[in-house]
Amino acid sequence: MAGIFFQKREVVVPGQLLAEGRYRPSVGTYDREGKIYSALVGLAELRGNTVKVVPLEGVYIPREGDLVIGTIQIVAGNNWKVDIGGPYQASIHANNALRRPYDDDISKYMDCGDTIVAEVSAFDRVTGPFLTMKGRGLRKLDDGMIVRVSPAKIPRIIGRRGSMINMIKDNLNLQTVVGQNGRIWVRAPDVARSRLAVEAFKMIEEQSHTSKLTDRVDAMLKEELAKLESKDEENEDNEETEKDEESEDEIE
Amino acid sequence: MGDFSSETISHIDRHYIKTLLDNGERIDNRAFDEYRDIEIEIGPVEAKAEGSAIARLGGTSVIAGVKVLTGQPYPDTPDEGVTMVTAELSPIASPMFESGPPREDAIELARVVDRGVRESGTVDTKKLCIEEGKHVYLVFCDLYTLEYDGNLIDAASLAANAALLDTRFPELKLEDDELVETGKMMKVPLENMAIELTASKIGEHIVIDPHIREEMVQDCRLTMAIDEEDNFTALQKGGGVGPISIAKIEEAMDMGLARVKDLRKLVLEATSNKD
């Protein structure tokens with residue numbers, strides 16, 4: 001009984017029969033006796049004759065080349081130990097962050113509690129992950145705020161060719177760095193807009209399995225921004241009325 | 001609830017939280033004197049425990065199970081039953097918790113919740129005596145953390161009180177030196193329920209029901225047990241080595257008084273359906 005037993009982007013559960021016959025199992029699936037089953041909770045997809053399941057949840061498993069945002073936990077000799085979330089603690093050597101010559105005490109460059117943008121340079125399940133900060137945009141972060149989301153939702157937050165994240169940045173006038181490990185750095189012109197960024201990310205996290213999400217997030221942001229503008233105008237009007245009343249008093 | 005000031009929280013987070021507080025805001029948009037959403041569910045382990053309850057306080061979740069056994073009373077209180085609160089910080093609740101025998105923070109949680117129950121005379125232990133000097137009821141309330149997102153103490157206190165109210169056990173009497181059931185079901189004799197409220201001091205700000213990230217940047221916290229007559233029956237300063245002035249303590253106590261009736265109402269509503 002060959003065939004495909006799921007709809008496009010259907011949510012499937014572990015053990016669910018996905019396909020039988022001439023299909024290849026890929027990420028998130030396993031095969032038994034010619035049948036392919038899902039190994040995870042996620043969205044089932046068919047690419048050509050490959051069946052894969054994209055997980056809806058999960059911790060961060062590092063991959064070489066990933067951009068990550070981490071917090072320095074420990075300074076140990078010429079290395080920093082960095083928390084990037086997930087089951088693996090990362091480490092970065094001073095040679096991959098600083099220009100030589102550098103001081104013996106590397107904590108004067110980066111210390112515990114500092115937040116960095118770095119790239120995963122090496123990782124296999126035996127050693128690492130190792131990070132590097134030599135590269136464009138890799139740096140220590142100051143100010144702004146860090147939003148935490150599930151790493152599985154990051155691709156949706158970025159969107160196809162950056163469509164989702166760029167839409168959010170344009171609407172709210174933000175600077176952002178999106179880490180593959182589920183951490184997003186946001187610098188907004190004011191607190192209200194940074195809260196709206198958090199709202200947008202939460203909305204995407206909750207509805208990541210639906211379609212036309214970019215349009216709906218866009219609509220939500222525009223609506224909320226309009227409310228903010230009208231509140232600002234109200235406040236300005238109130239201030240002007242107060243000033244008029246004050247000057248009236250003075251004349252009397 | 002424990003002292004997490006040495007857990008590495010990034011400077012960015014620390015600075016962000018403090019900036020928001022200076023602007024009169026909190027990271028999750030609450031007012032300084034506002035609790036997160038509270039849900040109390042009773043009887044989740046009805047089959048195994050004489051009483052049980054889960055309390056959810058925002059993202060924090062604690063389950064309390066009450067077992068009633070019989071045993072000998074303490075020699076200095078021969079006509080009183082025994083109540084005991086224990087707590088376990090299970091690793092499922094947080095990556096900061098390890099498995100193994102209870103460490104300082106678990107013991108502290110148990111002791112602080114126990115103080116709330118004990119000092120207000122919540123359980124009338126004189127009514128838990130079967131035969132003076134020989135047999136009394138032993139009421140054990142065991143707390144297990146399920147999810148830690150800040151303020152375990154208040155969640156644990158709500159769960160413990162609800163579980164005690166939910167508890168039903170068979171009444172026993174002595175017949176020919178043996179304990180036999182009388183056929184009646186008893187409740188735990190509860191008098192004056194004290195609710196615990198915890199406020200965090202961050203800089204010069206007092207915020208009630210701290211979120212986990214607020215706990216990580218706090219100078220210290222104040223836990224207050226308030227009974228039905230609005231008496232403060234127990235106070236504990238913990239969660240950090242920073243000082244707190246009398247004026248700030250009074251500010252925290254005012255916040256506690258404003259909120260305690262709402263919390264107690266939630267516990268009573270959740271447990272009112274049981275006969």
Side-chain angles (χ1 to χ4, degrees), chain A residues 59-60 68-76 80-90 107 109-118 139-148 150 175-177 179 181-199 201-202 224, chain B residues 2-32 34 36-37 58-61 90-99 146-150 202-203 205 207 210-219 240-242:
Chain A
V59 296
Y60 175 61
V68 294
I69 294 178
T71 303
I72 308 233
Q73 302 273 355
I74 301 174
V75 182
W80 294 277
K81 301 283 180 213
V82 184
D83 163 49
I84 55 172
Y88 301 100
Q89 186 180 58
S107 68
Y109 304 101
M110 300 200 298
D111 203 356
C112 300
D114 284 336
T115 305
I116 59 172
V117 183
R139 63 196 191 279
K140 187 166 90 151
L141 292 169
D142 301 305
D143 76 309
M145 64 180 255
I146 306 276
V147 186
R148 282 169 167 70
S150 166
Q175 288 176 298
T176 67
V177 175
N181 58 336
R183 296 179 185 180
I184 307 172
W185 175 79
V186 172
R187 189 197 266 150
D190 53 45
V191 174
R193 282 178 174 75
S194 61
R195 284 211 193 283
L196 284 180
V198 175
E199 281 302 311
F201 296 142
K202 262 209 314 204
E224 294 297 321
Chain B
D3 181 354
F4 291 119
S5 50
S6 62
E7 287 287 333
T8 311
I9 183 174
S10 67
H11 297 319
I12 287 185
D13 279 342
R14 204 180 280 274
H15 182 72
Y16 181 63
I17 294 172
K18 293 198 167 145
T19 309
L20 280 184
L21 286 172
D22 291 338
N23 274 345
E25 295 180 43
R26 293 169 78 172
I27 37 173
D28 53 2
N29 249 333
R30 281 185 284 154
F32 285 21
E34 193 183 332
R36 292 169 287 178
D37 287 336
T60 296
S61 181
S90 18
I92 197 171
S94 168
M96 293 186 275
F97 300 160
E98 305 267 343
S99 57
L146 298 175
E147 275 181 78
Y148 174 42
D149 201 24
I202 305 175
H205 307 288
V207 291
H211 185 272
I212 190 176
R213 305 206 86 70
E214 290 172 331
E215 279 186 3
M216 287 172 125
V217 301
Q218 71 191 7
D219 300 329
V241 297

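Proteins come first, then strands; the chains are lettered A, B, ... in the order of their sequence lines, and each starts at number 1.
- We find the CZ-CD1 distance between R213(B) and I146(A) to be 9.5 Å, quoted to the nearest 0.5 Å.
- For H11(B), the NE2 atom sits in a packed shell: over 12 heavy atoms of surrounding residues, nucleotides or ligands are nearer than 6.0 Å.
- For the pair I12(B) and G144(A), the tightest heavy-atom approach, listed with the atom from each and the gap, is CG2-O, 3.4 Å.
- Counting heavy-atom neighbours within 6.0 Å of K202(A) NZ, excluding the residue itself, gives a total of 12 or less.
- Looking at L141(A), the atoms closer than 4.5 Å to chain B (heavy atoms on both sides) sit in the backbone and in the side chain alike.
- Proximity to chain A (any heavy atom under 4.5 Å) is shown, for N29(B), by both the backbone and the side chain.
- With a threshold of 4.5 angstrom between heavy atoms, D143(A) approaches chain B through N, CA, C or O but not through any side-chain atom.
- Contact annotation for I27(B): only backbone heavy atoms (N, CA, C, O) come within less than 4.5 Å of a heavy atom of chain A.
- N23(B) and V191(A) make their closest contact through ND2-CG2, 4.2 Å (heavy atoms, listed as atom of the first residue, atom of the second, distance).
- When all heavy atoms of R195(A) and R26(B) are compared, the closest pair comes out as NH2-O, 2.9 Å.
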